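Down below is the structure, laid out as structure tokens.
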Number of protein chains: 4
Amino acid sequence: MEIVKTVEEETIINMDDNVSDKEKKILIAAIRIMSEKGFRASRTSEIAKEAGVSEGTLFRYYPKKKDLLLALLPPLILSFFQPIITEMFSKSNAPKSSTLKYELKHFFSTRLSLLDDNKGLLKIIILESIYYPELQKSIQKLMTETVFPSLEQMIMEQIEKKHIKKMSVTTVSRILMSQLLGYFILSSYFPDQYPRDDDKEINEMVDIILNGIKR
Amino acid sequence: MEIVKTVEEETIINMDDNVSDKEKKILIAAIRIMSEKGFRASRTSEIAKEAGVSEGTLFRYYPKKKDLLLALLPPLILSFFQPIITEMFSKSNAPKSSTLKYELKHFFSTRLSLLDDNKGLLKIIILESIYYPELQKSIQKLMTETVFPSLEQMIMEQIEKKHIKKMSVTTVSRILMSQLLGYFILSSYFPDQYPRDDDKEINEMVDIILNGIKR
Amino acid sequence: MEIVKTVEEETIINMDDNVSDKEKKILIAAIRIMSEKGFRASRTSEIAKEAGVSEGTLFRYYPKKKDLLLALLPPLILSFFQPIITEMFSKSNAPKSSTLKYELKHFFSTRLSLLDDNKGLLKIIILESIYYPELQKSIQKLMTETVFPSLEQMIMEQIEKKHIKKMSVTTVSRILMSQLLGYFILSSYFPDQYPRDDDKEINEMVDIILNGIKR
Amino acid sequence: MEIVKTVEEETIINMDDNVSDKEKKILIAAIRIMSEKGFRASRTSEIAKEAGVSEGTLFRYYPKKKDLLLALLPPLILSFFQPIITEMFSKSNAPKSSTLKYELKHFFSTRLSLLDDNKGLLKIIILESIYYPELQKSIQKLMTETVFPSLEQMIMEQIEKKHIKKMSVTTVSRILMSQLLGYFILSSYFPDQYPRDDDKEINEMVDIILNGIKR
DNA sequence: CATGAATGAGATTTCATTCAT
DNA sequence: CATGAATGAAATCTCATTCAT
């Protein structure tokens, strides 16, 4: 029946073995239902049904509905932040003579894939974190420990190599993060106005970031 | 007691006179509670209490809780989208010899003010629109009729004036929208990483958009 | 239909007027059901039904089931402990030349009436207090402030009047309380072995306490 | 680790050999949990855990939770009622010239030891018997067959020996039972008001019962 | 015979909505 | 037209009991 699995689902299926099959099914169902309806609008009954387990079983694993929300953070870390951490420590693998243009395009396309692959999980966690300070703290911590340092290191290296003007690392970091976020959000929310065409748009985005729009 | 009112509250207080006083109080309370807790987590009882009316009265004006959400769209339009429309038709007021740099800075600072002034309303409507297609359609329509045309017109004029390289209007539009959105979201969500300092950051943002980061 | 009301029910019906009729019905139903089945075995659905209200209404007044248990303490105080307090302050009304025998018989018969009148409430509160320290503390405090002092004062007066041998007030107090408690519990639990016949038994009890059983 | 065992636990450990080791562990755990929390508030899961067996095993031995409660009656009989029966038939062991005072003190101290030794079991069974008629019947039957006859025989003998005034055996029995019960309950429930000091208090209790309080 | 994951019936709790006053 | 007590449908949570392994 179900042949195609999302990256998120694959991540959960490949999780630690002290996570039972039923638990995995519950997590997958939770992502599906919650990313479609939001945390509060998702019914434990519906999640249980989608997971093919009884509501009692759902309770066995997650005594409070909120626990189910919090349980989605580890898979998110595994699927979204782990690759970033991994990449940070295997930087040496990158082509030594990589140009700035190449680096930026690589940054956008890899990060975009991560966003795409974790759409559902990210949607739940980010949106709910707006109202749950604990979740927000977790996300802030993760970003501060993974994405921001890796991004800033790249920028500093390029400044050292004199490929980038001497300017505030934070400013450049903000510009790049804004473009990534903006591209992702705008093309999701206004697909007619901003259709998605990654190759073309990343190219133009990078070109403008590098050379500006001024004639 | 309460002397300082938010722009949103001022907007509602100045609304049409066929909106009764009680109704206005309810809307103001709804914005406060819903922007703090989200639509679903907000209790009609709490909104009524905050508004200083009975729950019965609340339901006289808004028979369904959802009606209360939809009722927030008009104030949002009045306060956020109306100024943009107005500005579009009063373009003549702008200094004729306005430079590209000035135009961009003006765009960012005016739009940022609008975002700040309508934080609460925007938060509610945007976040809820993710789960309510009707709301999403409304927002898409409003953006398509106001923000996007005004932005694109500015870009086209600047291209015609040859201040901007010959390039896709949509691409430039996306870049600018991304920066605006990114600046706003990132400094709200990661205030430590990306502290807010509008004058300085708008300046640098515009500089990079104009000239790029390449040395 | 229902003509005879228990003293407990009368107490609740005569409670403060800021207690609504529905709330009173709920409390009466709670006493009936809980004294019959115990707190945990009592179903909120059954209490609501017995009270003639919806479960929603029950929740309006007592958000947690436990609140309903704790709400029974005030009526108990009113009905059981208030008379004792009142009596303490109207001691002067007692016949001045009251004999020891008369005092003891009066003590047993009045206290026994109180126990009888508050059977249900006492049963709930006492039995549940065994497992809820908060309740136990309340009962201990009430006894320490009302029953014990009034009892000890009577004993001391009788010792001063040299009607009672010079002996520990606590010991006499314990003897009297034990008889009261024992008479009440034993005749409830073993009605065949210890049938209840207040006039006769109080007489004999007092006689033995006064003169002993030794020939 | 655990060196000190309660009398109840010793009783269970020494029970009949057609009671398996696991069963004994379950019973001991049941006493611990149930005497702490009460029957209904005790979770089968918690009892199983405390007993070091699986819930499945618990239900193999006691298919219904209530069976676990009823299974506590035999140990109670063994530990509490058996000694009383035994004593009844070994009356000859008592010193022939035992005085009334001695007999009473012996009665109180031996019964008090039994109560202390079986605190937990008694608490569970007595409290639950209030809501379970079957249990209440059992307790009534046991008391009627053991405690009451032994007590009444002692009283009758003392009346025959003319150590006690000619009076109703039941009345004297009730007085003695009340004092025993009262001493035990009051010093458990109000340890501050009625501190426990067996030697001293039994002495004074017996003295009053024998000679009264009248000067 | 032991296990403990899974169950589901039923308990409590929630809260938008109604309606008599 | 305003009130807020009352509602009940639906949600979450509980836990004794079952049963495949």
Side-chain angles (χ1 to χ4, degrees), chain A residues 20-23 25-26 39-49 51-68, chain B residues 20-23 26 39-49 51-69, chain C residues 20-23 25-26 39-49 51-68, chain D residues 20-23 26 39-49 51-69:
Chain A
S20 80
D21 261 25
K22 290 252 153 108
E23 200 171 347
K25 278 184 189 164
I26 290 170
F39 174 69
R40 293 199 85 99
S42 298
R43 303 297 155 215
T44 51
S45 58
E46 200 182 357
I47 294 170
K49 202 178 161 194
V53 302
S54 70
E55 270 193 270
T57 301
L58 200 154
F59 158 77
R60 262 184 64 75
Y61 290 105
Y62 305 101
K64 304 277 158 196
K65 191 186 170 191
K66 209 179 170 181
D67 296 338
L68 196 46
Chain B
S20 81
D21 258 24
K22 293 225 158 143
E23 223 169 330
I26 292 171
F39 174 68
R40 295 198 94 98
S42 299
R43 305 295 151 226
T44 51
S45 56
E46 201 184 355
I47 294 169
K49 201 180 161 193
V53 302
S54 72
E55 254 186 296
T57 302
L58 194 156
F59 276 89
R60 168 161 305 282
Y61 289 108
Y62 305 101
K64 302 275 158 191
K65 192 186 172 190
K66 210 177 171 180
D67 296 336
L68 200 46
L69 178 63
Chain C
S20 80
D21 259 25
K22 290 252 153 113
E23 199 170 348
K25 278 183 189 165
I26 291 170
F39 173 68
R40 294 198 84 99
S42 299
R43 304 295 158 219
T44 52
S45 58
E46 200 182 356
I47 294 170
K49 202 178 161 195
V53 302
S54 70
E55 271 193 89
T57 301
L58 202 154
F59 159 78
R60 262 186 64 75
Y61 291 104
Y62 306 101
K64 303 278 158 194
K65 191 186 171 190
K66 210 179 169 180
D67 297 337
L68 196 46
Chain D
S20 80
D21 260 23
K22 293 226 160 143
E23 223 168 328
I26 291 171
F39 175 68
R40 297 199 92 99
S42 299
R43 306 294 151 229
T44 52
S45 57
E46 200 183 355
I47 293 170
K49 201 180 161 195
V53 302
S54 72
E55 254 185 297
T57 302
L58 194 156
F59 276 89
R60 168 162 305 283
Y61 290 108
Y62 306 100
K64 302 276 157 190
K65 191 188 173 189
K66 210 177 171 181
D67 297 338
L68 201 46
L69 178 62

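Order of the sequence lines fixes the chain letters, A, B, ..., with proteins taken first and strands second; residue numbering starts at 1 for each chain. Just so it is clear, the values below take in all heavy atoms, side chains as well, and ignore hydrogens, waters and symmetry mates. Quick caveat: nothing in here was measured; it's all calculated off a predicted structure.
- Between D:I26 atom CD1 and E:dA2 atom C1' there is a gap of 11 Å when expressed in whole angstrom units.
- Here F:dT14 sits opposite E:dA9 as a Watson-Crick or G-U wobble pair (both hydrogen-bonding atom distances under 3.5 Å).
- Between B:T44 and E:dA16 there is a side-chain N or O to OP1 or OP2 distance below 4.0 Å.
- Exactly one residue among B:K64, B:E55, B:K49 makes a side-chain hydrogen bond (donor to acceptor under 3.5 Å, both in side chains) with B:T44. That residue is B:E55.
- One finds a side-chain N or O of A:Y61 lying less than 4.0 angstrom from the OP1 or OP2 phosphate oxygen of E:dA6.
- We find the OG-CZ distance between D:S20 and D:R60 to be 11.0 Å, quoted to the nearest 0.5 Å.
- D:E46 places its CD atom 14 Å from the P atom of F:dT14, with the value rounded to the nearest Å.
- With E:dG4, F:dA6, F:dA2 as the candidates, the nucleotide lying closest to the side chain of C:R60 is F:dA6.
- Picking from E:dT13, E:dA6, E:dT18 the nucleotide with the shortest atom distance to the side chain of C:K65 gives E:dT13.
- B:R43 comes within 4.0 angstrom of sugar-phosphate atoms only, judged by non-hydrogen atoms across all strands, and of no base.
- Checking F:dA6, E:dT3, F:dT18 against every side-chain atom of D:K64, the shortest atom distance belongs to F:dT18.
- The minimum heavy-atom distance linking C:L68 with C:I26 is given by the pair CD1-CG2, 3.8 Å.
- Comparing F:dC15, E:dC15, F:dT7 against the side chain of A:R40 picks out E:dC15 as the nearest.
- Nucleotide F:dG4 forms a pair with E:dC19, judged by Watson-Crick or G-U wobble geometry with both contacts under 3.5 Å.
- Among E:dA16, E:dT14, E:dA6, the nucleotide with an atom closest to any side-chain atom of C:F59 is E:dT14.
- Contact annotation for B:S42: backbone-only contact, meaning every heavy-atom pair under 4.0 Å involves sugar-phosphate atoms and none involves a base.
- Phosphate proximity of E:dT3 to D:T57: present, with a side-chain N or O under 4.0 Å from OP1 or OP2.
- Two residues, B:K66 and C:F39, neighbour DNA chain E, and the one matched to the more 5' nucleotide by heavy-atom proximity is C:F39.
- We find that CG of A:L58 is positioned 14 Å from P of E:dG8, with the value rounded to whole Å.
- One atom, NZ of C:K22, and another, P of E:dT21, lie 10 Å apart when rounded to the nearest Å.
- Straight-line distance from the CD1 atom of A:I47 to the C1' atom of F:dT12: 12 Å, rounded to whole Å.
- With a 6.0 Å cutoff to the six-membered ring centre and a 45° limit on the axis angle, D:K65 counts as a cation-pi contact of D:F39.
- Phosphate contact (OP1/OP2 of E:dA16, side-chain N/O of B:Y62, threshold under 4.0 Å): absent.
- C:R40 and C:R43 get closest at one heavy-atom pair: O-NH1, 3.2 Å.
- Of the candidates E:dA16, E:dT3, F:dT17, E:dA16 carries the atom nearest the B:E55 side chain, counting heavy atoms from C-beta on.
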